[in-house]
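Chain letters run A, B, ... following the sequence lines, proteins first and then strands; every chain starts at 1.
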Number of protein chains: 2
Amino acid sequence: MTTPDLAGFASLLADRTRAGFCLALLDGRAWTVSELARQGGVAASTATEHVHRLVAGGLLVEQRQGRHRYVRLRDTDTAALIEAMAQAAPKIRVPVRGLADDRRGQALAYARTCYDHLAGALGVTIARAMTRHEFVTWTDGPALTDRGSDWLAELGVVLPAPSRRPPLRGCLDWTERVEHLGGAIGAALCAQAKADGWVTPIGTGRALALTSRGRAVLEPWDAVP
Amino acid sequence: MTTPDLAGFASLLADRTRAGFCLALLDGRAWTVSELARQGGVAASTATEHVHRLVAGGLLVEQRQGRHRYVRLRDTDTAALIEAMAQAAPKIRVPVRGLADDRRGQALAYARTCYDHLAGALGVTIARAMTRHEFVTWTDGPALTDRGSDWLAELGVVLPAPSRRPPLRGCLDWTERVEHLGGAIGAALCAQAKADGWVTPIGTGRALALTSRGRAVLEPWDAVP
DNA sequence: GGTACGCTTCGGCGCCGGCCGAACCGTCGC
DNA sequence: GCGACGGTTCGGCCGGCGCCGAAGCGTACC
């Protein structure tokens with residue numbers, strides 16, 4: 001009889017350190033082994049072993065470059081699955097090991113990315129503003145209205161071509177506990193936010209700070225936290 | 001800093017036996033501890049401990065009835081998450097421990113349920129037939145056509161009232177490796193299949209056998225395997 | 001009441017896996 | 001060539017956890 005190796009798959013994420021790696025990698029960037037080691041507060045040798053297991057398990061893909069080895073999440077489906085699991089998991093307080101600086105950066109950030117779209121306080125506020133202005137309707141999941149489409153165009157967001165990926169996806173935010181907007185359009189909005197300097201990265205994590213330019217763009221729509 | 005206890009959650013499913021319990025429970029039924037113990041090939045005491053962990057972790061809910069203790073998956077969201085994880089997990093062959101009878105029953109079954117809708121060979125064949133007859137379209141996910149709605153009514157399927165649950169959901173079958181139909185409508189179809197005697201349960205698992213009545217109903221639509 | 005049975009608790013065993021430091025390898029820069 | 005550094009391999013330690021059987025508890029049935 002054939003059965004999915006659910007236990008083996010779950011084992012990949014059943015370790016505090018490996019889970020931490022995957023949550024960090026939800027920012028969609030490629031991290032080096034030593035960055036992950038520092039972030040997780042473990043020795044480089046330990047991080048190496050964990051990364052090996054995650055790659056072997058198909059959760060991560062690697063990309064070697066000189067003496068560096070970058071790893072990232074396999075694809076958006078993988079990221080979505082990890083997010084869904086993180087949502088399902090109850091929240092607990094964990095003692096912080098490792099870099100205080102990065103942590104402080106994250107804690108003070110106005111926003112963060114969630115794989116490839118905006119999340120955190122900013123992501124949630126934008127989602128709420130778009131709902132209030134009827135740029136998005138929520139019958140049967142989030143959908144962009146014509147007014148919403150115009151608004152995005154006005155902001156310079158390039159709408160994605162139709163693809164297998166759902167254009168707009170509600171994504172329960174595990175720090176804010178409310179929904180923000182993912183999907184292809186969410187990613188396009190985030191891309192524009194970065195490209196046009198509405199936000200700027202803080203540290204090496206997925207933390208972002210809202211810039212004055214971002215504030216100027218979004219404030220007319222009450223879309224700043 | 002607050003972080004989701006992803007590792008703790010994943011640990012629940014990171015054990016072969018517990019994962020097996022959850023996959024068995026995907027049939028949506030409530031199982032007793034001893035049924036699960038037999039299914040998983042472990043002692044009752046071991047099964048008790050596993051069930052405790054799964055209940056404490058919020059994956060299962062229990063329902064005591066006399067000297068029996070029934071457990072079932074918490075809700076459809078939980079079931080969907082487990083299914084998604086099972087899809088993501090690579091398939092492997094596992095040696096069979098435990099009851100040969102149940103296994104044989106499952107192996108020969110024409111169909112099985114997948115949480116609360118039809119899956120296996122029958123589920124897949126019905127989904128294909130509905131597609132062929134244009135009862136379902138697949139642009140941007142599965143959607144019921146007017147003709148599909150008429151067809152279901154003709155079969156006596158009571159369409160569900162709109163709810164938070166998506167009416168129709170494509171669900172990749174982990175034994176057949178193709179899609180079958182879940183969601184509220186998929187569940188309604190399955191309910192009618194059971195109520196009207198198209199299928200009959202085999203053993204204590206989620207295995208089903210197609211009845212002659214079921215064959216008579218579905219054959220005109222080429223919807224039998 | 002007595003017996004059967006489903007379930008639970010407990011003690012003990014064995015193994016798996018996460019951790020580290022030390023040594024080593026390959027790349028980069030001087 | 002040589003040192004610095006990112007990454008890897010290896011051996012060893014230790015704790016956690018999954019397993020069992022035995023004993024105990026409560027319900028159901030006669």
Separation of D/dG16 atom P from A/Arg16 atom CZ, nearest Å, is 13 Å

Sorted by chain and residue number, the side-chain hydrogen bond (donor to acceptor under 3.5 Å, both in side chains) partners of A/Ser11 (sequence neighbours excluded) come out as none

Taken to the nearest 0.5 Å, the spacing of B/Leu181 CG from B/Met130 CE works out to 6.0 Å

Rounded to whole Å, the CG-C1' distance (B/Leu36 to C/dC7) equals 13 Å

Atom pairs, protein N/O to nucleotides 27-30 of chain C N/O, distance under 3.5 Å:
from   : atom 1 : to      : atom 2 : distance (Å)
C/dT27 : O2     : A/Arg67 : NH1    : 3.3

Check: Is the backbone of B/Gly58 close enough, under 3.5 Å, to the side chain of B/Arg74 for a donor and an acceptor to pair up by distance?
Finding: yes

Each nucleotide of nucleotides 8-18 of chain C classed B (base within 4.0 Å of a protein heavy atom), S (only sugar-phosphate) or -, in 5' to 3' order, makes BBB-------S

Taken to the nearest whole Å, OH/A/Tyr70 to P/D/dG6 is 11 Å

To the nearest 0.5 Å, atom CG of B/Leu25 lies from atom CG of B/Leu54 at 8.5 Å

Across all chains, not counting sequence neighbours, the side chain to side chain contact (heavy atoms under 4.5 Å, CB included) partners of A/Ala47 are A/Phe21, A/Val33, A/Ala37, A/Val42

Per-helix bend value, the helix from C/dG1-D/dC30 to C/dC30-D/dG1, C1' rotation axes over five pairs per end, 10° rounding, shows 30°

Atom CD of B/Glu35 and atom P of C/dC5 are separated, to the nearest Å, by 16 Å

Across all chains, not counting sequence neighbours, the salt bridge (charged side-chain N to carboxylate O under 4.0 Å, His left out) partners of B/Arg53 are none

For B/Ser34, the side chain to side chain contact (heavy atoms under 4.5 Å, CB included) test, sequence neighbours excluded, returns B/Thr32

Sorted by chain and number, sequence neighbours left out, side chain to side chain contact (heavy atoms under 4.5 Å, CB included) with A/Val55 holds for A/Val51, A/Leu60, A/Glu62, A/Arg69, A/Val71

key: A/Leu12 backbone acceptor or donor facing A/Arg18 side chain under 3.5 Å   = yes

By side chain to side chain contact (heavy atoms under 4.5 Å, CB included), B/Ala43 pairs with (sequence neighbours left out) B/Ser45, B/Thr46

